There are 2 protein chains.
Amino acid sequence: MENIIKILQKYNIQPSYQRIKILEILDKKREHMNVNMIYDELSKEIPTISKATIYNTVNAFVEKGLVNCLTITPEEARYDFDITPHHHLLCKKCGKIIDVHVKCPYTESMEIDGHRIEEIRGYFKGICKECLSHETL
Amino acid sequence: MENIIKILQKYNIQPSYQRIKILEILDKKREHMNVNMIYDELSKEIPTISKATIYNTVNAFVEKGLVNCLTITPEEARYDFDITPHHHLLCKKCGKIIDVHVKCPYTESMEIDGHRIEEIRGYFKGICKECLSHETL
DNA sequence: TTATAAAATTATAATTATTCCAATTATGGA
DNA sequence: TCCATAATTGGAATAATTATAATTTTATAA
């Protein structure tokens, strides 16, 4: 809690009750949640919370560089509190989005083909390790 | 035209007039069009064309592996007739989506971290070469 | 404290992308 | 040509997101 407030302040985001709670959830549940998942989870604790607040908040978080927005699925945006460089796999079977820590030859500070790179997103689709192991039963 | 029909047949898609025209446009204008761009362009030639047809058609193309669906922007899907492995850059200044041909250490047939990989998408965001050159004026 | 201005939250309406569905039209083969 | 099937169409339905205006909360200064 105190920790979350410090993080918000570090990123120049005024800590409010809902902002703290939203970031806490993103921190606790690292499952690349979308707005509805955050809303369903938070509604239990804050029944009056509005989806508009969640949209405003995650947009602010992304703008300030505190969380990353993932567009691996075309349906909706997902949010990732882990901003260290890594990629993602969408499992076509279980639907989970899983962190993939592979060596990536590119970094945000480099130029590629003459273009200046500021963000890198690597998305894989396939079958995750766990689903593969069930397949062989 | 004949060529386009052959491609459709090769991918087991019954060639219809609108399907041919949609693929022709994706072939001619390699600018990673979205559904609205295709619709605006095609309406000139086929005033009765429906957006539902375009959605049906591009979805079929993607399903059959004839074109790739890009989700680099969260707003809408974009379609790429070039299915050879390459990545994309979204220029934050001009908004263009540009092909990036860089060496990628991963291929669709490999396993990563124990996961089976079937699709790979690499998205970069930054400033494209051309916008950079204008910047220095 | 209290007053007040600014910021955050909320509910709702509006927008936009996409899918669904039922009716119509086009197509390929007997 | 006729018929069965597939494709197209328009419009309604759904879902994600943004915009807006009113209300509530917060920060700060008197």
Side-chain angles (χ1 to χ4, degrees), chain A residues 1 4-5 8-9 11-25 32-64 66-79 90 95 97, chain B residues 1 4-5 8-9 11-25 32-64 66-79 90 95 97:
Chain A
M1 177 81 166
I4 294 286
I5 292 175
L8 286 169
Q9 284 165 339
Y11 281 86
N12 282 311
I13 299 163
Q14 186 92 288
S16 74
Y17 183 64
Q18 352 322 62
R19 286 173 182 174
I20 292 165
K21 287 296 169 188
I22 290 168
L23 190 56
E24 266 184 0
I25 282 205
H32 313 100
M33 300 173 95
N34 61 31
V35 165
N36 279 327
M37 293 160 83
I38 300 171
Y39 178 78
D40 290 342
E41 199 60 34
L42 256 189
S43 295
K44 300 175 194 165
E45 245 185 299
I46 317 172
T48 59
I49 195 149
S50 160
K51 271 192 192 174
T53 300
I54 299 176
Y55 276 104
N56 288 340
T57 303
V58 293
N59 283 344
F61 288 177
V62 170
E63 195 128 318
K64 299 283 189 175
L66 175 53
V67 311
N68 278 341
C69 174
L70 308 181
T71 57
I72 191 168
T73 51
E75 293 84 23
E76 85 266 293
R78 295 181 167 256
Y79 299 92
L90 170 65
I97 293 170
Chain B
M1 176 79 166
I4 293 288
I5 292 175
L8 285 169
Q9 284 165 340
Y11 281 86
N12 282 312
I13 299 162
Q14 187 91 289
S16 73
Y17 183 64
Q18 354 317 62
R19 287 174 183 174
I20 293 166
K21 287 296 170 187
I22 289 168
L23 190 55
E24 266 183 1
I25 282 204
H32 313 99
M33 300 173 94
N34 61 30
V35 165
N36 278 329
M37 294 161 83
I38 299 171
Y39 178 79
D40 290 344
E41 198 61 33
L42 257 189
S43 295
K44 299 175 194 163
E45 246 185 297
I46 317 172
T48 60
I49 196 149
S50 159
K51 272 191 192 175
T53 300
I54 299 176
Y55 276 104
N56 289 339
T57 302
V58 293
N59 283 345
F61 288 177
V62 169
E63 194 128 319
K64 300 282 188 175
L66 175 55
V67 311
N68 279 341
C69 173
L70 308 181
T71 58
I72 191 167
T73 51
E75 293 85 22
E76 86 265 293
R78 296 182 167 254
Y79 299 92
L90 170 67
I97 294 170

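Values reported hereafter were calculated over all heavy atoms of this structure, with side chains retained and with hydrogens, waters and symmetry mates removed. Note that the structure is predicted; figures quoted are calculated from it, not measured. Order of the sequence lines sets the chain letters (A, B, ...), proteins ahead of strands, with each chain counted from 1.
Rounded to the nearest 0.5 angstrom, A:Gln18 CD and A:Ile38 CD1 are separated by 13.5 Å. Distance OH/A:Tyr55 to OG1/A:Thr53: 12.5 Å, rounded to 0.5 Å. Separating the CG atom in B:Leu66 from the CG atom in B:Asn12 is a distance of 11.0 Å, to the nearest 0.5 Å.
Distance B:Tyr39 OH to D:dG11 P: 10 Å, rounded to the nearest Å. In this entry the distance linking CE of A:Met33 with C1' of D:dA16 reads 17 Å, nearest Å. What separates CD of B:Gln18 from C1' of C:dT25 is a distance of 10 Å, to the nearest Å. Taking atom CD of B:Glu63 as the reference point, atom P of D:dA7 lies 13 Å away to the nearest angstrom. One interatomic measurement links the two molecules: NZ of B:Lys51 to P of C:dT15, which rounds to 15 Å at whole-angstrom precision. Going from atom CG of B:Leu42 over to atom C1' of D:dT9 covers 15 Å, rounded to whole Å. Taking atom CD of residue B:Gln9 and atom P of nucleotide D:dA6, one finds them 17 Å apart after rounding to whole Å. Between the CD1 atom of B:Ile5 and the P atom of C:dG28 there is a distance of 10 Å, rounded to whole Å.
A:Tyr55 has no side-chain polar atom (N or O) that falls below the 4.0 Å cut-off from OP1 or OP2 of D:dT18. Close to D:dA6, at under 4.0 Å from its OP1 or OP2, lies no side-chain N or O of B:Gln14. At the phosphate of C:dA8, neither OP1 nor OP2 sits under 4.0 Å from any side-chain N or O atom of A:Asn56. Under 4.0 angstrom from either OP1 or OP2 of D:dT9 there lies at least one side-chain N or O belonging to B:Thr53. The side chain of B:Ser16 contributes no N or O atom lying less than 4.0 Å from OP1 or OP2 of C:dA26. When the side-chain nitrogen and oxygen atoms of B:Thr48 are compared with OP1 and OP2 of D:dT9, one or more of them lie within a distance under 4.0 Å.
Closest to the side chain of A:Asn59, from the set D:dT18, C:dT10, D:dT9, is D:dT18. Closest to the side chain of A:Ser50, from the set C:dT18, D:dG11, C:dT10, is C:dT10. Nearest to the side-chain atoms of B:Glu76 among the listed nucleotides C:dT10, C:dA17, D:dT8 stands C:dA17. The side chain of A:Val35 lies closest to D:dT17 when the candidates are C:dT9, D:dT17, C:dC20.
Nearest-nucleotide positions on DNA chain C place B:Glu75 closer to the 5' end than the other of B:Pro15 and B:Glu75. Between B:Pro74 and B:Arg19, the residue anchored nearer the 5' end of DNA chain D, judged by the nucleotide with its closest heavy atom, is B:Arg19.
The closest side-chain heavy-atom distance from A:Lys21 to A:Ile25 is not below 4.5 Å. Looking at heavy atoms from C-beta onward, A:Tyr39 lies out of side-chain contact with A:Ile22 at the 4.5 angstrom threshold.
Within the nucleic acid shown, B:Asn36 comes within 4.0 Å of sugar-phosphate atoms alone, with no base atom in reach, counting heavy atoms only.
Of the possible donor and acceptor atoms, none in the side chain of B:Arg78 sits under 3.5 Å from a partner among the backbone N and O of B:Ile72.
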